[in-house]
Amino acid sequence: MPVVVVESPAKAKTINKYLGSDYTVLASYGHVRDLPPKDGSVDTEQDFAMKWEVAADSKKHVRAIAEALKTDDTLILATDPDREGEAISWHLQEALASSLKKGKTVSRVTFNAITKDAVTKAMQQPRQVDVALVEAYLARRALDYLVGFTLSPVLWRKLPGAKSAGRVQSVCLRLIVEREMEIEAFKAREYWTVRAVFTTPRGQEFEAQLNVLGGQKLQKFDIPTVEAAELAVKAVTARQYKVAGVESKPASRNPWPPFMTSTLQQEASRKFGMGAKQTMNAAQRLYEAGYITYMRTDGIDMAPEAVMAARAEIKSRFGEAYVPSSPRMYKNKAKNAQEAHECIRPTDMSVDPGRLKVEEDQRRLYDLIWKRTLASQMSAARMERTTVDISSPDGEVALRANGQVLLFDGFLKIYDQGRDEDEEDEGRLPQIMQGEVASLPAGAAGRGEKEVTGAGGAVKAGQSFTQPPPRYTEATLVKRMEELGIGRPSTYASILTTIVDREYVRKDKNRLIPEDKGRLVTAFLTNFFRRYVEYDFTAGLEGELDDVSAGERDYKDVLARFWRDFSAAVADTADLRIGEVLDKLDDFLAPHLYPPRADGGDPRACPTCGSGRLHLKTARSGGAFIGCGNYPECRYTRPIAGDAESVASDGRVLGQDDQGNEISLRVGRFGPYVQRGEASEAQPKPDRSSLPKGWSPDSLTLERGLQLLALPRQLGPHPEDGEPVETNLGRFGPYVKHGKTYANLADAEEVFTLGMNRAVELIAQKLARGPGGRGAAAQPLKSLGEHPEGGEIQVMPGRYGPYVKWGKVNATLPKDVEPEAVTLEQALALVAEKAGKKPAKKAAAKKPAAAKAPAKKPAAKKTTTKAAAAKTTTAKAPAKKPATKKAAAAKEPE
């Protein structure tokens, strides 16, 4: 029977159900080959020849497919319908070359949705692997390898602590860092707005904003101070008003197009706080279960049959009025064939979210997709927008009110898109007639710190300040990358995950904040490799790769042009010393590192000793900071971010304790900490406490600082032996202690809130596990079922967090996955990934095998000189040392 190969076991299971027993459906478990993480995997001297090897954990899957082909002559490659899917099919065809001889046939099929109809039609339309798409993949993979494997070692040598660089990853990081620098350089500007509540002759109230004062139209900053606001309020309260004009205009709102990858990620982030990776994982499971179409796409068009199904469902659920006279057509944004699929939509429009038996994150995401799809084919919302102008008889003062009335909800009945930032909605206005009197009550004026009032509170002037641009969220960053033409649907999630995992960026309340490492890497690349982190250059390269996928450009020409200039730029940095690099970065970052001082003094003068100058420095831990040039005599330090006076070695004062000791926030080589008082002969080491992980120095208060300095916190005597029980923060995180028994706490906040009952329970659990945390066998949290190769898969509690267990394989759960929510498919993928790492370690440990490999080389000496052979051997030996770092660099996603 024909052998059908897909990527995942979940997808294989669904497709096997549709094809029946006439087919053998197997999973490749993703890519089966990759470039070895070592020098020479892309040979720039040999026309960019690429050396591939089958991954250790993929060998058994390739063998399984080869075994199945022994009894059948037909291989059908049914991987995903995009560039990556085409590449996986090509790799499978190459890896199975020896099994595909003697008349065996290979074909490629694609389907945009895993439904019986889509799969059946695809099987009737086989084709060959698309060479243009494969070449586009080869170009991208070679570029990512060359950038990662060439540029990352430069970072390791010149910037201690830097981990890697990537072709698109570094440009994405630059966006985040530059936004943060904009925020730090931002200077708030004060302005005031005046609003008044008027009463109509019918006793109804409405609010209007002052827009004319002294006969002149007001601009945003025309009322800059509280004094000016007070005069404006007096001017408003001192006059009588009539309605000068009422203008009503009909308006309509059309629905948004259906989802593509980027807009789905943005909306899931806005509405549910889901990250890009979490969104794509949930979408992947919905796709593999046959509920939605393929989820990596730039397309927003919809198949004609899907449009008609959506219109029929809208009519059935909401009535004829909600169906527009003709179908809505949306223009596809895709510039290239590799991503030009249909939009993301339900495969069956009649299946509402309530009928799905899936996990919560999948249900929420499906609900979003289902509503957006139906809304995209619904009638426009109709409303009436009204503008009311109120003016004094002398024309010196005028105010304006805006409002709207929804006449027909249309698509808003089912769906309204979220916002990235808060916006004011226009309210509904009462009945107002032109020429009517608009009344203000009489009353005295008052003045507060941030508000000026008049007419008994009916007139108010409020203080406002201009706001800096907001930090990026994953949603707004993906939107910005899309606008710039950087990245593609299949890469957004991996790029964002990489920069967080590399500790270049941290997430705080869904906002992306650059770490010191990220700032330095961006400054280094901007200064020494500027062209390669330029937005237009990266977007232009993406366009060239799109041309390759369309068959309009040769991929080796693209690689040759890129490598010629890039390798020259790398060679230019060979002789740079770390000190020289830091000096260059110091000068480059100077406007943000050393902002002007209020007193007009030298911003680089050390505030502690006065004689030293501030410089950019790096620590062994890889962090960067600003330090005094007179070190070690002067130990002034502060982080590279923020105000120069905010956190320094002499402290940002938080306040005083009950004894009058000064409590300050400082930064040392191991991070921020709080300190009580100053060092003295009587007390050479003052009380100090480091800030727990996740605590922001910017938001630290005196109360929180005193809490830290009061540690350890005594809970009281243990009920069994009377020994004290206490909580504290340690080197490995928060803990509760009783005698010599320590039990870890999940959150630093528990140090301050943990009660005795819970503390006794945690200590008892720790004692039950015995020395080293090992004792009675832990009970499984959840049983997931049988592994295809036999044996039960369980979710287990662990000392360092929950994990999936299958036989002797233990795979740690990702932090964003709850133990209760783990599916069998997820567990299989985790186990497969973990199991694949073990053979690699064993192979590395077999010294005889390693020794035998070079021994075979003399057979090739007939065509190789001794000098060349010696050169090959010499070059290979040192290559093993940086294998770990280079492996990370070579596998760096875009």
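Since we're looking at a predicted model, the values are computed, not measured. Side chains are part of it too, since the values below use all heavy atoms of this structure and drop only hydrogens, waters and symmetry mates.
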(message) Keeping Ser379 on the side-chain end and Ala321 on the backbone end, is there a donor-acceptor pair under 3.5 Å?
(response) yes
(request) Can you tell me which residue pairs pass the ring-ring contact (aromatic ring centres under 6.0 Å, His included) test with a partner in residues 294-316, sequence neighbours excluded? (result) Tyr287-Tyr294, Tyr294-His341
(message) Could you work out, with salt bridge (Lys or Arg N to Asp or Glu O under 4.0 Å) as the rule, every residue matching Lys70, not counting sequence neighbours?
(response) Glu67
(request) Return the set of residues passing side chain to side chain contact (heavy atoms under 4.5 Å, CB included) with Ala66 (not counting sequence neighbours), or none when no residue passes. (result) Leu96, Ser99
(request) Enumerate the residue pairs fulfilling salt bridge (charged side-chain N to carboxylate O under 4.0 Å, His left out) with a member in residues 309-322, sequence neighbours excluded, ordered by first and then second residue. (result) Glu313-Arg317, Lys315-Glu320, Arg317-Asp352
(request) Under the side-chain hydrogen bond (donor to acceptor under 3.5 Å, both in side chains) rule, collect the residues that match up with Glu86, sequence neighbours excluded. (result) Arg108, Arg127
(request) Return the set of residues passing salt bridge (Lys or Arg N to Asp or Glu O under 4.0 Å) with Asp72 (not counting sequence neighbours), or none when no residue passes. (result) none
(request) Taking ring pair (Phe, Tyr, Trp, His ring centres under 6.0 Å) as the test, write out the residues that go with Tyr29, two or more places apart. (result) His61
(message) Could you work out, with salt bridge (Lys or Arg N to Asp or Glu O under 4.0 Å) as the rule, every residue matching Glu360, not counting sequence neighbours?
(response) Arg363
(message) Under the rule for ring pair (Phe, Tyr, Trp, His ring centres under 6.0 Å), what residues qualify as partners of His787, not counting sequence neighbours?
(response) Trp806
(message) On a heavy-atom basis, which atom in Tyr322 and which in Ile314 lie closest, and how many Å separate them?
(response) O-CG2, 3.6 Å
(message) Under the rule for ring pair (Phe, Tyr, Trp, His ring centres under 6.0 Å), what residues qualify as partners of Tyr291, not counting sequence neighbours?
(response) none
(request) Write out all pairs satisfying salt bridge (charged side-chain N to carboxylate O under 4.0 Å, His left out) with one or both partners inside residues 276-290, taking only residues at least two apart or from two chains. (result) Arg285-Glu359, Arg285-Asp361
(request) Could you tell me which residues satisfy salt bridge (Lys or Arg N to Asp or Glu O under 4.0 Å) with Lys17, sequence neighbours excluded, listed by chain and number? (result) none
(message) Quick check against the 3.5 Å criterion: does Thr293 have a side-chain atom that pairs as donor or acceptor with the backbone of Arg345?
(response) yes
(request) Let me know which of Arg480, Arg511, Lys507, Lys479 forms a salt bridge (Lys or Arg N to Asp or Glu O under 4.0 Å) with Glu474. (result) Lys507
(request) Output, in order, the C-alpha distance, side-chain angles, deciding distance and verdict of ring-ring contact (aromatic ring centres under 6.0 Å, His included) for Tyr137 and Trp90. (result) CA-CA 10 Å; Tyr137 159 79; Trp90 175 76; 7.0 Å; no
